[in-house]
Peer 1: 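Have a look at the structure that comes next, please.
All residue numbers refer to positions in the sequence shown, counting from 1. What you are looking at is a predicted structure, and each value in this text was computed from that prediction instead of being measured.
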Amino acid sequence: MNLSASLKDEKNYLSTNSYALIDAINSLRISNGLPAYIINPILMSVAQQHADYMASTGKVDHIGINGSKPFQRGLAAGYPVAGDLSQGGFYSENITAGINKSVQDAVVEWQGDTPHLKTMLSPNLSEIGAGATIIGSYVYFVIDCASPTLALQPQVYTPVPGNLSGTKQPLTIYTLVPVTPGIDGKVIHVVKPGETLWLIAITYGVKVATLRGLNNLSEEQNIFPGDKLLIKQVPTPALIGPTLTVTIIRDVIHLPTITIASIHNQPSATPKPAADVLPNSNKEVLLGIVIAAMCLAVFFVRVKQKNE
């Protein structure tokens, strides 16, 4: 991407960013002595989804999916719209579209029309959401401004027959939840219904031009549910050292079998006569003992005779 293209993408981002649109409207409110609108995440989703819907149909209209009206889309998304719901409650929407239309272009256009100016400068509304979608060079803008109930709880609402046409497609707003990096450090986001490049870029804190470059998307290409987008590549921690795998090998040692023969099973030598049980050395000792005993007996006899 060359420098001129990069500057063009940067200018487009700054001039079509939904948050920049809110900043411009809040500046207008402050200059007219009104408090700034508070950004509400539900209204942001509602506005962005309607901007996507208009871009998908090519029609700039307040009637949205299933024939829904602005406040009905807010209720369906869970926003607690205050006021008389039979009259639309405290809820107002501005829309516009055009080739290379900027935030300032949209605000100036709305200032020239009383109903649109009231949406931006209403003293009865307190919160805002905005959406911006680009198809090629064509830009779609939406703002939804409203006030919630005091208890912040949705009112019970039963649509009047005929207000909503068809029931095939539910009024669903998807909340974009950032994903964490994978093992390889890549952040991959799977696109869900109602999500756009602008919403994804804002959520992850990156630029639309960066997303288009990483995913080889031209300015004319749009994204669709199920698409996998590379958001960023984060560094992965370096390995401290190689991983060692220790394999324990158990060898079986086979020892030779030793057979111990029973003594009783061994052949015996030729038996000696019973009289010759003692060996010769034992006979000599026994003979010495007998002679010594006889000598001692004679000695004691002689001593006795002499004493008498």
Side-chain angles (χ1 to χ4, degrees), residues 8-32 34-56 59-62 64 70-71 73-74 77 79 90-147 173 175-176 194-211 219 222:
K8 179 182 177 182
D9 288 334
E10 180 73 12
K11 181 180 179 181
N12 287 342
Y13 177 77
L14 293 175
S15 64
T16 56
N17 185 345
S18 57
Y19 284 93
L21 178 58
I22 294 175
D23 287 342
I25 292 171
N26 277 338
S27 295
L28 180 64
R29 286 179 63 83
I30 292 172
S31 66
N32 283 271
L34 295 169
Y37 276 140
I38 299 171
I39 297 176
N40 181 278
I42 296 178
L43 295 178
M44 289 294 291
S45 296
V46 173
Q48 185 60 59
Q49 188 182 37
H50 190 58
D52 293 343
Y53 177 76
M54 291 194 304
S56 66
K59 185 178 180 181
V60 182
D61 197 335
H62 289 291
F71 81 98
R73 293 192 289 273
Y79 186 83
F90 291 142
Y91 199 104
S92 185
E93 179 180 81
N94 282 2
I95 58 176
T96 188
I99 297 176
N100 295 325
K101 179 167 284 190
S102 68
V103 164
Q104 291 301 327
D105 292 337
V107 174
V108 170
E109 177 187 330
W110 289 335
Q111 283 181 279
D113 179 73
T114 301
H116 290 92
L117 183 61
K118 285 184 177 180
T119 300
M120 296 187 292
L121 298 181
S122 172
N124 299 319
L125 306 179
S126 59
E127 298 185 334
I128 189 173
T133 302
I134 297 180
I135 299 296
S137 59
Y138 211 81
V139 185
Y140 296 83
F141 285 119
V142 176
I143 61 168
D144 282 282
C145 304
S147 282
I173 304 297
T175 301
L176 196 157
E195 296 179 354
T196 66
L197 277 178
W198 296 106
L199 182 60
I200 294 171
I202 291 170
T203 301
Y204 286 96
V206 298
K207 297 178 180 179
V208 171
T210 301
L211 291 182
E219 292 186 12
N222 203 354

Peer 1: Which distance, rounded to the nearest 0.5 Å, do you find between the OH of Tyr37 and the CG of Leu125?
Peer 2: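 Interatomic distance, Tyr37 OH to Leu125 CG, rounded to 0.5 Å: 4.5 Å.
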
Peer 1: For Ala24 and Gln104, work out which heavy atoms get closest and say how close.
Peer 2: CB-NE2, 3.9 Å

Peer 1: Work out which heavy atom in Met120 is nearest to a heavy atom in Leu28; give both atom names and the distance.
Peer 2: CE-CD2, 3.9 Å

Peer 1: Minimum heavy-atom separation for Ala146 to Tyr91, with atom names?
Peer 2: CB-CD1, 3.5 Å

Peer 1: How many angstroms lie between CG in Asn26 and OH in Tyr19, if you round to the nearest 0.5 Å?
Peer 2: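 Atom-to-atom, Asn26:CG and Tyr19:OH are 12.5 Å apart.
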
Peer 1: Keeping to residues at least two apart or across chains, list the salt bridge (charged side-chain N to carboxylate O under 4.0 Å, His left out) pairs with something in residues 112-128.
Peer 2: none

Peer 1: So do Leu21 and Val107 actually touch side chain to side chain, heavy atoms under 4.5 Å?
Peer 2: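 Val107 vs Leu21: side chains touch.
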
Peer 1: Please report the interatomic distance CG(Asn17) to NZ(Lys207), rounded to the nearest 0.5 Å.
Peer 2: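 So the CG of Asn17 and the NZ of Lys207 are separated by 11.5 Å.
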
Peer 1: Using 0.5 Å steps for rounding, measure from the CD1 atom of Ile128 to the OG atom of Ser18.
Peer 2: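 Spacing of CD1 (Ile128) from OG (Ser18) equals 10.0 Å.
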
Peer 1: Any heavy-atom pair between the side chains of Ile143 and Glu93 that's under 4.5 Å?
Peer 2: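 Side chain of Glu93 against side chain of Ile143, heavy atoms only: no contact under 4.5 Å found.
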
Peer 1: Rounded to the nearest 0.5 Å, what separates atom CD1 in Ile22 from atom CD1 in Ile38?
Peer 2: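 Result: 12.0 Å between the selected atoms.
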
Peer 1: Can you name the residues that form a side chain to side chain donor-acceptor pair (under 3.5 Å) with Ser122, not counting sequence neighbours?
Peer 2: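 Side chain to side chain donor-acceptor pair (under 3.5 Å) list for Ser122, sorted by chain: empty.
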
Peer 1: Main chain of Gln49, side chain of Asp52: is a donor-acceptor contact present, judged purely on distance under 3.5 Å?
Peer 2: no

Peer 1: Locate the shortest heavy-atom distance separating Asp144 from Leu43; write the atom from each residue and the value.
Peer 2: O-CD1, 3.8 Å

Peer 1: For the residue pair Met44 and Ile39, what are the closest heavy atoms and their distance?
Peer 2: CG-CG2, 3.8 Å

Peer 1: Show, in sequence, the C-alpha distance, side-chain angles and deciding distance for Val46 and Tyr79, and conclude whether the side chain to side chain contact (heavy atoms under 4.5 Å, CB included) test is met.
Peer 2: CA-CA 9 Å; Val46 173; Tyr79 186 83; over 6 Å; no

Peer 1: Excluding sequence neighbours, so at least two apart, what forms side-chain contact (heavy atoms from CB on, under 4.5 Å) with Ala51?
Peer 2: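 Here the qualifying residues are Gln48, Thr133, Val142.
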
Peer 1: Going by the rule side chain to side chain donor-acceptor pair (under 3.5 Å), which residues pair with Asn32 if we only count those two or more places apart in sequence or in a different chain?
Peer 2: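 With sequence neighbours excluded, Asn32 shows a side chain to side chain donor-acceptor pair (under 3.5 Å) to no residue whatsoever.
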
Peer 1: Look at the aromatic rings of His116 and Trp110 and report parallel, tilted or perpendicular, splitting at 30° and 60°.
Peer 2: parallel

Peer 1: Could you work out, with side chain to side chain donor-acceptor pair (under 3.5 Å) as the rule, every residue matching Glu109, not counting sequence neighbours?
Peer 2: Thr96, Lys101

Peer 1: How would you list, by chain and number, every residue that makes a side chain to side chain donor-acceptor pair (under 3.5 Å) with Thr119, sequence neighbours excluded?
Peer 2: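 Listed in chain order: Ser92, Asn94.
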
Peer 1: Could you pull out all residues at least two apart from Tyr140 that satisfy ring-ring contact (aromatic ring centres under 6.0 Å, His included)?
Peer 2: Tyr138

Peer 1: Nearest 0.5 Å, what's the OG-CD1 distance between Ser137 and Ile99?
Peer 2: 5.0 Å

Peer 1: Quick one: closest heavy-atom pair of Ala97 and Val60, and the distance?
Peer 2: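 That would be CB-CG2, 3.6 Å.
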
